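Bear in mind the structure is a predicted one, so any value in this text is a computation, not a measurement. Both ligands and their constituent atoms are indexed starting at 1 by order of listing.
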Amino acid sequence: MSASEFESVEASLSKYISPGDLDEVRRILYGKQTRKLDFPQSATDAAAERGFDLQGCVFEASSEQLRLPRIVRVGLIQNKIVLPTDAPVLDQIAALHKRVGEIVEVAAMCGVNIVCFQEAWTMPFAFCTRERQPWTEFAESAEDGFTTRFCQELAKKYNMVVVSPILERDEIHGGTLWNTAVVVSNSGKVLGKTRKNHIPRVGDFNESTYYMEGNTGHRVFQTQFGKIAVNICYGRHHPLNWFMYSMNGAEIIFNPSATVGELSEPMWPIEARNAAIANHCFTCAINRVGTVSHHEFGHFYGSSYVAAPDGSRSPGLSRIRDGLLIAELDLNLTRQIGDQWNFKMTGRYEMYGEELTKAVQNDFKPNIIKE
Ligand SMILES: NC(=O)NCCC(=O)O
């Protein structure tokens with residue numbers, strides 16, 4: 001079986017591990033078992049008709065005396081491109097709006113409060129090609145491009161925060177391109193945007209050909225459902241990137257991505273999960289599925305998942321099919337685990353701040369003791 005035909009690790013475990021052992025295998029691999037989230041029959045039927053994987057789970061926290069549970073449902077959407085990459089640009093965008101719109105409708109049936117799409121969701125992941133045309137034509141204004149307007153409609157209609165990662169064209173600053181996530185409030189207003197901080201220079205990921213490192217820092221967005229941040233794709237390899245979102249108060253950090261099997265699949269289940277543990281927050285890693293048809297680039301392996309601050313994680317979505325993963329989170333777990341493990345308290349940030357400040361100076365001398 002080829003990598004692009006293999007459904008998921010979870011499906012194989014369920015198929016080949018004896019039922020008696022499966023719970024223990026899952027506990028060791030995935031941490032405290034999450035409860036399965038029940039969906040309305042109409043949602044399950046719609047997902048089956050529309051041909052996507054629908055999965056859901058619940059991360060619980062202990063009850064507290066002074067705070068009510070802070071329950072939020074997040075939805076992670078992974079999808080293939082819909083039309084061939086040589087179809088007219090506007091048709092490709094419209095087809096993706098339609099496809100993702102029908103998945104969001106199911107998310108709404110399941111009570112999702114915050115939905116996040118994959119990186120550069122309105123286009124093929126064409127940055128591997130280094131070609132300019134037609135790919136740069138997919139870029140849009142973050143503030144009032146047609147994709148943002150589409151997301152505003154979804155947000156209002158479903159009372160849902162929408163995180164929409166796009167290729168941005170910033171007309172105010174010379175028509176420059178950016179890799180940006182737009183955060184639309186459930187009121188339908190654009191709450192703001194945040195740009196990809198770390199741009200890959202690995203393998204065929206030639207993104208620095210198109211846009212520069214983001215200049216929006218580590219913004220956190222206060223939504224009605226919790227404080228959220230967006231660490232776009234390659235930023236997940238940078239622990240300090242996650243850390244700074246967390247220092248600014250993020251309770252949930254989304255990681256919309258586009259990455260291929262040979263390059264990163266062994267790292268994928270570890271990085272966002274480790275970030276959830278290290279920063280006492282929830283992380284939501286989303287990867288697209290399929291291939292970029294006209295370029296030999298590799299298989300985008302989906303496998304979107306949610307990780308919790310206690311080290312537990314959801315099952316992954318399919319490696320080969322479109323999907324919607326819904327996780328119900330009790331945000332009280334972030335402080336509960338912080339109080340248990342105290343990483344923020346034991347972090348010695350002043351020491352690292354001082355040492356890092358020295359380490360980036362030209363006259364830095366590494367602290368090595370020699371005989
Ligand atoms: N989109 C993107 O940044 N991909 C880089 C490869 C990776 O981070 O796995």
Going by the atom numbers of ligand 1, which of them fall below 4.0 Å from some non-hydrogen atom of Cys233? 1 (N), 2 (C), 3 (O), 4 (N), 8 (O)

When the ring planes of Trp268 and Tyr301 are compared, do they come out parallel, tilted or perpendicular, using 30° and 60° as the limits? perpendicular

Quick one: which ligand 1 atoms are inside 4.0 Å of a heavy atom on Pro200? 2 (C), 3 (O), 5 (C)

Quick one: does His237 get within less than 4.0 Å of ligand 1, heavy atoms only? yes

I'd like to know whether ligand 1 has Phe125 as a neighbour, heavy-atom separation below 4.0 Å. yes

Could you list which atoms of ligand 1 come closer than 4.0 Å to a heavy atom of Lys196? 1 (N), 2 (C), 3 (O)

Option from Val74, Ile228, Leu329, Ile253 for which side-chain contact (heavy atoms from CB on, under 4.5 Å) with Phe282 holds: Leu329

Checking side-chain contact (heavy atoms from CB on, under 4.5 Å) between Glu168 and each of Glu140, Lys196, Arg195, which is the one that passes? Arg195

Under 4.0 angstrom from ligand 1, any heavy atom of Met267? no

Residue Thr259 vicinity, atoms of ligand 1 by number, heavy atom under 4.0 Å: 6 (C), 7 (C), 9 (O)

Can you check whether Phe343's main-chain N or O pairs, donor with acceptor, with His280's side chain at less than 3.5 Å? yes

Where does the angle between the aromatic ring planes of Phe125 and Phe127 fall among parallel (under 30°), tilted (30 to 60°) and perpendicular (over 60°)? perpendicular

Write out the residue and atom name of the closest protein heavy atom to atom 1 (N) of ligand 1, then the distance separating them to 0.1 Å. Glu119 OE1, 2.8 Å

For ligand 1, which atoms have a heavy atom of Ala258 less than 4.0 angstrom away? 1 (N), 2 (C), 4 (N)

Which of the atoms of ligand 1 are close to Leu263, meaning less than 4.0 Å from one of its heavy atoms? 6 (C)

Does atom CD of Glu350 have more than 12 heavy-atom neighbours, drawn from other residues, nucleotides or ligands, at distances under 6.0 Å? no

Numbered in order shown, the ligand 1 atoms found under 4.0 Å of a heavy atom of Ser264 are 9 (O)

Does Glu355 come within less than 4.0 Å of Lys358, counting only side-chain N to carboxylate O? no

Could you see which bit of Tyr234 sits under 4.0 Å from ligand 1, with heavy atoms only: side chain, backbone, both or neither? both

Just to verify, which of Lys15, Arg321, Arg319 counts as forming a salt bridge (charged side-chain N to carboxylate O under 4.0 Å, His left out) with Glu7? Arg321

